Structures are given as C-alpha cells and as structure tokens.
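Letters A, B, ... are given to chains in the order of the sequence lines, protein chains preceding strands, and every chain is numbered from 1. Because the structure is a prediction, the values reported are computed rather than measured. What you see below is based on every heavy atom in this structure, not just the backbone, and it leaves out hydrogens, waters and symmetry mates.
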Amino acid sequence: MHLEFETPIEELEHKIEEMKHLAHGSGVEVDKAVKALEIKLESLKKEIFENLTRWQRVQLARHPERPYTLDYIYEITDDFIEMHGDRMVKDDKAMIGGFGNIDGKTILFIGQQKGRNTKQRQARNFGMANPDGYRKALRLMKLAEKFNKPIVALIDTPGAYPGIDAEARGQAEAIARNMREMFMLKVPVICIIIGEGASGGAIGIAIGDRVIMMENTWYSVISPESCSSILWRSWDYKEEAAEALKLTAEDMLEFGLIDSILEEPLGGAHKDLKGTSVILKNAILKEIAALEKITPDERIKKRIDKFSKMGVFKE
Amino acid sequence: MTWFLRKAKGIQTPTKDKKDVPDGLWYKLPSGKIIHTRELKNNAYVSPDDGYHVRIGSKEYFELLFDKNKFTELDAKMVSSDPLKFVDSKPYIGRLKASIKKTHLNDAVRTAHGKMNGINIVIACMDFSFIGGSMGSVVGEKIARAIDFALKKKYPLIIISKSGGARMMEAGYSLMQMGKTSAKLALLSEAKVPYISLMTDPTTGGVTASYAMLGDFNIAEPGALIGFAGPRVIREFMGKDLPKGFQTSEFLLENGFLDFIVDRRKLKNTLTTLLSMLLEK
C-alpha cells in the first residue's frame with residue numbers, strides 16, 4: 001500500500017530488493033550497483049519529502065500503514081494496562097487510555113485509536129470518539145492527577161463523531177468540559193498530534209503544557225474535504241483547501257499555535273515504527289523532565305497564558 | 001399560476017437575501033402573519049401569536065437587557081486581520097470588508113458592561129449577521145477580555161451565543177479560540193463569579209463546544225437549533241433523516257444539557273432573579 005507520490009520510491013526499493021535477490025542466487029557481484037542505487041534512493045526520498053505539498057502531508061497523516069496510538073504505546077512502554085469506560089454510559093473504543101511506564105516512569109496515556117482492517121475500523125469508529133470517549137479520557141486524566149502522574153495525549157482523529165446519539169449525549173459539552181478541565185490539571189500534560197488533528201475532536205484532548213506535532217500530520221479547524229464542500233460548495237477542492245488552511249506542522253509552528261515538531265524518519269513514520277517510537281519516547285521523557293522542574297501552579301499559569309496569546313487581530 | 005410559492009422543502013433563500021433583523025416597517029413571520037415592526041419590538045421580537053423568536057443581534061439584546069439601554073462597550077474597535085491570507089472563492093479580507101459595510105458591525109461579537117435591573121453585569125453577545133456569527137481571533141479575544149473584565153470586577157457574566165461555529169478562514173487560529181475562551185472560563189469558575197450561557201438560534205460547532213456549554217447555568221431560547229455538528233452534516237453522515245425536534249432547545253433540555261428554556265419576553269427578569277439569588281449576601 002503506497003501513495004501516488006511514494007511510487008518512485010517503492011519502485012526503486014523493489015529494484016534494489018530484486019537485485020540483491022538475484023545476486024544471492026547467482027553469486028554475481030552486485031554490491032557496487034546496489035550501493036549506488038541505495039544512495040540514489042536516499043536522495044530520491046529526500047527530494048520527494050522535502051517538497052511535499054500540504055495535501056500530500058494530509059495523505060501521509062492518513063497513510064493506511066501509519067502507526068496508530070496503541071502501536072506507539074506498546075512500542076515505547078515496558079508495561080501498559082488499558083482502562084475502559086466512562087462510568088456513565090459505555091466504553092468508547094475510539095478513545096483509549098491507560099497507565100504505562102517508560103524507563104520506570106509511570107505515565108497516563110490517552111488518545112484516539114483507529115483500526116487497521118475493516119472490522120477494527122468499525123469497532124474503533126474510524127477514530128471518531130463519541131462524548132463517552134471524551135468523558136472516559138477526562139475520568140482517566142483526573143485519576144492521573146490524583147496519583148500525580150504526568151499525562152501524554154496522542155491525537156489522531158478525523159473528527160469527533162457527528163452522530164445522532166453523540167448529539168443526544170452532548171458531544172459539544174464533553175469537548176468543552178475537557179478543555180476547561182485540562183487547563184486546571186495539576187500534573188504535566190503533553191499533547192502530540194501523531195496523525196490527524198481534526199478540529200474540536202482533536203482539541204478536546206489537546207490542551208497541554210506542550211502541544212507537539214509530528215512532521216507528517218495536520219491540525220486545523222476543519223478537514224480539507226469539509227472545507228472544500230462548505231467554501232467551494234464542491235468536494236473537488238481539497239488540495240486548494242489544504243493549502244488555504246495552512247494545516248501542517250511547519251505552518252502551525254510558524255503561527256505559534258504549537259510548541260514544536262517531531263521529525264520523522266525519512267519516508268515517514270510508517271516506514272520505521274521502531275525508529276519513530278524512539279524519537280517519540282525521547283521527546284516524552286525530555287518534556288516530562290523539564291515540566292516536572294516547575295510547580296503545578298506555574299505550569300497551569302503558563303498553560304493558560306500560552307493559549308490566551310493565540311490569535312491575530314487589529315485594534 | 002401556482003398556489004404555493006415554495007415548491008422545494010428546506011431553506012431556499014440565497015444567503016445574500018437572508019434577513020436577520022427586521023428593518024422595514026412590516027415584518028413577515030414564518031407563520032405567514034405580517035406584523036408591524038413596532039409591535040414586534042415591543043414584544044421583545046417575539047411573535048405575539050405563536051411565540052416564535054425572531055433572530056436578533058447584539059443591538060437588540062443590549063436594548064432588552066441593559067437598563068435604559070445604557071452600557072459601556074469593551075474593545076469596540078477590534079477587527080479581524082487575515083493572518084493566513086485566506087482565499088477560497090473570494091478573499092477573506094474582502095468578505096470582512098463587505099460584512100463590516102453591510103452589518104455596521106466590526107465582527108461577530110460585541111461585549112459591554114452596564115446594569116441590569118441595577119445589577120452590574122458583563123454581556124458578550126454574538127451577531128449572526130457577521131459571517132454567520134463565526135468565531136475567529138476577534139470573537140475569541142473579545143470574549144476572553146470580557147471574561148477578564150468580569151473576573152477583575154467580580155461582575156456576573158452573560159454570553160449570548162448565536163453562531164455557525166469556528167471561522168474556517170482563520171483555520172488553526174480559530175480552533176485555538178476554543179481553548180483560549182475555555183481557559184478564561186476555568187479561571188472565572190475558580191473565582192466563583194457566576195456565568196450564564198444563553199444559547200439562541202443557532203448555536204453550533206466550536207462555539208457550542210467551548211464557552212456556550214460551559215456556563216454555571218446553560219439556558220436557551222425556545223426552539224433554537226443547538227448542536228455540535230450541524231443537522232445537514234449529520235444527515236449526510238448517517239444517511240438517514242433526523243428525528244423531529246432533534247437539536248432543538250427542547251431536545252437539549254430533555255437530554256439534560258440545559259437548566260431551563262426562557263422566553264425572551266421574560267429574559268431580563270429571569271436573569272435578574274437568578275443572579276439576585278446567587279449574589280445574595
């Protein structure tokens with residue numbers, strides 16, 4: 001499974017594999033040729049990935065092979081125990097949460113979860129949480145606060161679920177409450193966009209001391225498709241909408257709306273889960289260590305001040 | 001010669017012809033009845049026959065709530081800029097200019113303080129006529145500052161919401177206004193300053209999912225559309241018709257998300273009674 005702009009890379013990779021395979025069988029010396037092709041591959045990847053359009057970033061963020069929340073959690077934690085349920089209505093499988101530890105440090109993880117195959121995708125509701133999911137996340141965050149454990153939120157959602165039951169159970173209220181409560185959490189909160197950061201569904205768990213985007217992700221008020229359908233009155237302007245929304249990590253950092261970007265291995269996170277996980281793990285540990293140096297009151301004040309400064313206007 | 005002018009169901013009027021506030025001498029109610037605008041105004045812009053609440057803006061709400069229409073406006077001159085240089089079918093900067101000219105408003109919210117039946121209050125009131133009452137940086141900032149003001153003076157806060165949601169043309173910036181306003185409301189809540197959120201027709205999207213749902217008291221006018229996703233989006237997404245009365249004030253009250261529904265004609269007195277009880281020493 002690869003995206004259109006990945007095709008030249010895939011083809012070259014395939015060629016190298018073939019050559020290696022051929023050499024293995026025949027004893028023909030191909031080391032030099034392989035080496036040359038590998039160098040070519042690196043520069044090809046660089047060329048493609050340094051010139052991605054915003055729409056291509058969106059496609060990478062949605063890549064079917066891209067690691068999802070639990071992939072990272074299982075990769076970076078030594079132990080992880082998942083918790084379920086909002087204690088009111090149900091267990092929303094589009095939002096996961098639990099305690100895990102990294103190098104002896106206990107952390108609460110929350111995040112939207114997407115599915116890998118048709119059955120999983122349905123069970124996970126395509127990563128679109130219902131109000132019950134946001135309430136589950138809040139319940140767990142309060143638990144983390146009670147036991148003085150830092151919180152890491154991994155954000156990956158095409159949006160909060162726009163359904164009849166979701167409305168009846170107060171989707172808007174759940175998201176609003178989460179934001180307000182997250183501002184007052186006494187423990188460090190680190191939010192990392194690992195895939196899609198769509199609007200209210202994303203920010204409902206993305207209020208933190210650090211808001212970080214991975215390199216090939218998007219975060220904005222609306223998806224390019226929906227933006228196209230509303231402003232252009234057609235689904236066909238998604239590329240234009242992605243450009244207009246300026247929704248990439250680079251854009252958001254430039255606007256001062258996020259704190260930093262996590263670089264992914266060349267070719268994207270889906271090409272190297274282990275490598276990406278190490279980057280993620282190191283960033284989490286580094287940020288927690290820095291945040292634990294300041295008092296809870298200071299953290300809360302800085303968290304509020306940071307968001308209070310966001311916005312551009314004339315007086 | 002047709003008997004009925006409207007052949008198709010739903011709203012057919014192009015946006016440019018949409019009327020929010022009655023400005024002529026006569027006003028035609030949805031029931032078909034024609035009413036003199038003075039009579040409508042004297043009845044708090046509510047139809048005397050069937051209680052239909054006509055959409056009104058900040059000018060009318062301020063008039064209804066502030067004693068003798070006396071108030072001090074906050075940050076009246078603040079206007080949107082165009083940080084993203086956003087262009088869709090037309091440039092955002094052009095939309096802003098046209099809206100300012102058409103509505104005589106600077107953006108989609110006005111904030112002010114004054115007295116309501118003698119009680120000092122801060123009111124932030126949204127205007128749907130300005131780009132669908134959408135929330136961009138100006139709406140977020142003005143609301144944040146109104147909350148700061150309420151916090152400093154310990155005056156109760158009333159926010160009257162009327163919005164299609166976040167303003168797409170400010171993308172990431174508009175999304176973060178949800179965070180900003182929620183942050184300020186967290187502080188207001190800690191300081192135990194009362195906040196009443198009044199939702200009016202329509203209140204949807206990022207506005208509902210931030211300050212509109214965070215009142216100590218969440219109340220609404222009758223028959224208002226209130227929701228997170230808009231009904232059209234949900235209908236398309238679910239691929240089925242929505243139940244009757246879905247996402248109305250009455251639906252939200254029934255589901256436990258409103259404290260009460262208030263008739264606009266009783267709004268000032270109801271708010272005064274509630275705040276008097278809270279502020280009682």
Visitor: Heavy-atom distances under 4.5 Å only: say whether A/Ile258 touches chain B with side chain, backbone, both or neither.
Guide: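 Contact with chain B involves no heavy atom of A/Ile258 at all.
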Visitor: Are any non-hydrogen side-chain atoms of A/Phe313 and B/Ser137 less than 4.5 angstrom apart?
Guide: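 Sidechains of B/Ser137 and A/Phe313: in contact.
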Visitor: For residues B/Leu175 and A/Ser220, determine if any side-chain heavy atom of one lies less than 4.5 Å from a side-chain heavy atom of the other.
Guide: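 They are not in contact (no side-chain heavy atoms under 4.5 Å apart), so the answer is no.
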Visitor: Is it the side chain or the backbone of A/Phe183 that comes within 4.5 Å of chain B heavy atoms, both, or neither?
Guide: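 Answer is side chain: those atoms of A/Phe183 sit under 4.5 Å from chain B.
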Visitor: How about residues 191-212 of chain B versus chain A: which residues have heavy atoms under 4.5 Å apart?
Guide: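 Residues in range: B/Thr208, B/Ala209, B/Ser210.
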Visitor: Side chain, backbone, both or neither: which part of B/Glu190 has an atom under 4.5 Å from a heavy atom of chain A?
Guide: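 The answer is the side chain of B/Glu190.
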Visitor: Could you tell me if the side chain of A/Met310 sits less than 4.5 Å from the side chain of B/Glu141, heavy atoms only?
Guide: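 No, too far: nothing below the 4.5 Å cut-off.
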Visitor: Who among B/Met178, B/Lys240, B/Gln177 has the most heavy-atom pairs with chain A under 4.5 Å?
Guide: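 Highest number of heavy-atom pairs under 4.5 Å: B/Met178.
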Visitor: Just so I understand: if I count every heavy-atom pair under 4.5 Å between each of B/Ser80, B/Ser189, B/Ser182 and chain A, which residue has the most?
Guide: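 The answer is B/Ser182.
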Visitor: Under 4.5 Å, counting heavy-atom pairs only, tell me which of A/Ser308, A/Ser229, A/Ser199 racks up the most with chain B.
Guide: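 Most heavy-atom pairs within the cutoff with chain B belong to A/Ser308.
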Visitor: Under 4.5 Å between any side-chain heavy atoms of A/Phe255 and B/Leu84, yes or no?
Guide: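 A/Phe255 vs B/Leu84: side chains touch.
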Visitor: If I measure from the heavy atoms of chain B, does A/Ile175 come under 4.5 Å with its side chain, its backbone, both, or neither?
Guide: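 Contact with chain B: backbone and side chain both.
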Visitor: Which answer fits B/Lys184, side chain, backbone, both or neither, if we ask what part of it has an atom under 4.5 Å from a heavy atom of chain A?
Guide: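 Contact with chain A involves the side chain of B/Lys184 alone.
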Visitor: What part of A/Lys314 is in contact with chain B, defined as an atom under 4.5 angstrom from a non-hydrogen atom: side chain, backbone, both or neither?
Guide: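 Both the backbone and the side chain of A/Lys314 come within 4.5 Å of chain B.
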Visitor: Taking the side chain as every heavy atom from C-beta outward, state whether B/Phe86 and A/Leu245 have any pair of such atoms under 4.5 Å apart.
Guide: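 Side chain of B/Phe86 against side chain of A/Leu245, heavy atoms only: contact under 4.5 Å found.
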Visitor: Could you look at B/Val79 and say if it's the side chain, the backbone, both or neither that has a heavy atom under 4.5 Å from chain A?
Guide: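 Interface part for B/Val79: both.
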Visitor: Count the heavy atoms belonging to other residues, nucleotides or ligands that lie under 6.0 Å from CD of A/Gln120, then report whether that count exceeds 12.
Guide: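 More than 12 within 6.0 Å, yes.
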Visitor: So for atom CD, which belongs to A/Glu250, do other residues, nucleotides or ligands contribute more than 12 heavy atoms lying within a distance under 6.0 Å?
Guide: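 Open.
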Visitor: Please classify the contact of A/Arg303 with chain B as side chain, backbone, both or neither, using a heavy-atom distance under 4.5 Å.
Guide: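 Neither the backbone nor the side chain of A/Arg303 comes within 4.5 Å of chain B.
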Visitor: Between A/Ile207, A/Ile304, A/Ile300, A/Leu247, which shows the greatest number of heavy-atom pairs under 4.5 Å with chain B?
Guide: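 Top option by heavy-atom pairs under 4.5 Å: A/Ile304.
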Visitor: Sort A/Glu173 into side chain, backbone, both or neither according to what part of it lies under 4.5 angstrom from a heavy atom of chain B.
Guide: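 Both backbone and side chain.
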Visitor: Mind running side chain to side chain contact (heavy atoms under 4.5 Å, CB included) on A/Met252 and B/Met176 for me, showing each step along the way?
Guide: CA-CA 11 Å; A/Met252 293 293 278; B/Met176 297 309 156; 3.9 Å; yes
Visitor: Ignoring hydrogens, what is the shortest heavy-atom contact between A/Val221 and B/Met168? Give both atom names and the distance.
Guide: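 In terms of heavy atoms, the two residues are closest at CG1-CA, 4.0 Å.
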Visitor: Is A/Tyr219 close to chain B through its backbone or its side chain, or both, or neither, when contacts mean heavy atoms under 4.5 Å?
Guide: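 Contact with chain B involves the side chain of A/Tyr219 alone.
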Visitor: Would you say CZ of A/Arg121 has more than 12 non-hydrogen atoms from neighbouring residues, nucleotides or ligands within 6.0 angstrom?
Guide: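 Above 12, so yes.
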Visitor: Aromatic rings B/Phe237 and A/Tyr161: how do their planes relate, parallel, tilted or perpendicular, breaks at 30° and 60°?
Guide: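 Geometry flag for A/Tyr161 against B/Phe237: perpendicular rings.
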Visitor: Please look at B/Asp75 and chain A and tell me whether the side chain, the backbone, both or neither of the residue comes under 4.5 angstrom of a heavy atom of that chain.
Guide: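 It is the side chain, since no backbone atom gets that close.
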Visitor: Under the criterion salt bridge (charged side-chain N to carboxylate O under 4.0 Å, His left out), I'd like the reasoning laid out for A/Glu315 against B/Lys142: C-alpha separation, chi angles, the key distance, then a yes or no.
Guide: CA-CA 11 Å; A/Glu315 283 183 273; B/Lys142 282 176 85 169; over 6 Å; no
Visitor: Where on B/Met238 is there a heavy atom nearer than 4.5 Å to chain A: the side chain, the backbone, both, or neither?
Guide: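 For B/Met238, the side chain is the part near chain A, not the backbone.
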Visitor: Measure the shortest side-chain to side-chain distance between A/Glu167 and B/Ile234 over non-hydrogen atoms and say whether it is less than 4.5 angstrom.
Guide: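 A/Glu167 vs B/Ile234: side chains touch.
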Visitor: If I take atom CZ from residue A/Arg233 and atom CG from residue B/Asp88, how far apart are they, to the nearest 0.5 angstrom?
Guide: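 Rounded to the nearest 0.5 Å, the CZ-CG separation comes out at 10.0 Å.
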Visitor: Using heavy-atom distances under 4.5 Å, tell me whether A/Ile164 contacts chain B through its side chain, its backbone, both, or neither.
Guide: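 When you check distances to chain B, atoms from both the backbone and side chain of A/Ile164 fall under 4.5 Å.
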Visitor: Looking at B/Ala229, B/Ser174, B/Ala171, B/Pro243, which makes the most heavy-atom pairs under 4.5 Å with chain A?
Guide: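 Among the listed options, the one with the most contacts to chain A is B/Ala171.
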Visitor: Could you go through A/Arg177 and B/Met213, starting from their C-alpha distance and side-chain angles, then the distance that decides it, and tell me whether this counts as side chain to side chain contact (heavy atoms under 4.5 Å, CB included)?
Guide: CA-CA 8 Å; A/Arg177 179 186 298 270; B/Met213 275 291 166; over 6 Å; no
Visitor: Where on A/Ile203 is there a heavy atom nearer than 4.5 Å to chain B: the side chain, the backbone, both, or neither?
Guide: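 Side chain of A/Ile203 only, per the 4.5 Å heavy-atom cut-off to chain B.
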Visitor: Under 4.5 Å heavy-atom distance to chain A, tell me which part of B/Pro231 shows up: side chain, backbone, both or neither.
Guide: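 Neither the backbone nor the side chain of B/Pro231 comes within 4.5 Å of chain A.
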Visitor: Based on non-hydrogen pairs under 4.5 Å, which of B/Met78, B/Arg167, B/Lys90 is most in contact with chain A?
Guide: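 Most heavy-atom pairs under 4.5 Å with chain A: B/Met78.
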Visitor: In Å and rounded to the nearest 0.5 Å, what is the NZ to NZ distance from B/Lys85 to A/Lys246?
Guide: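 It comes to 8.0 Å.
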Visitor: Among B/Gly179, B/Ser89, B/Pro83, B/Gly165, which residue has the highest count of heavy-atom pairs closer than 4.5 Å to chain A?
Guide: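 It is B/Gly179.
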Visitor: If you compare all heavy atoms of B/Val233 against all heavy atoms of A/Pro162, which two are closest, and at what distance to 0.1 Å?
Guide: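 Here B/Val233 and A/Pro162 meet closest at CG1-CB, 4.3 Å.
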Visitor: Check whether more than 12 heavy atoms from other residues, nucleotides or ligands sit under 6.0 Å from atom CD of A/Glu263, and answer yes or no.
Guide: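 Open.
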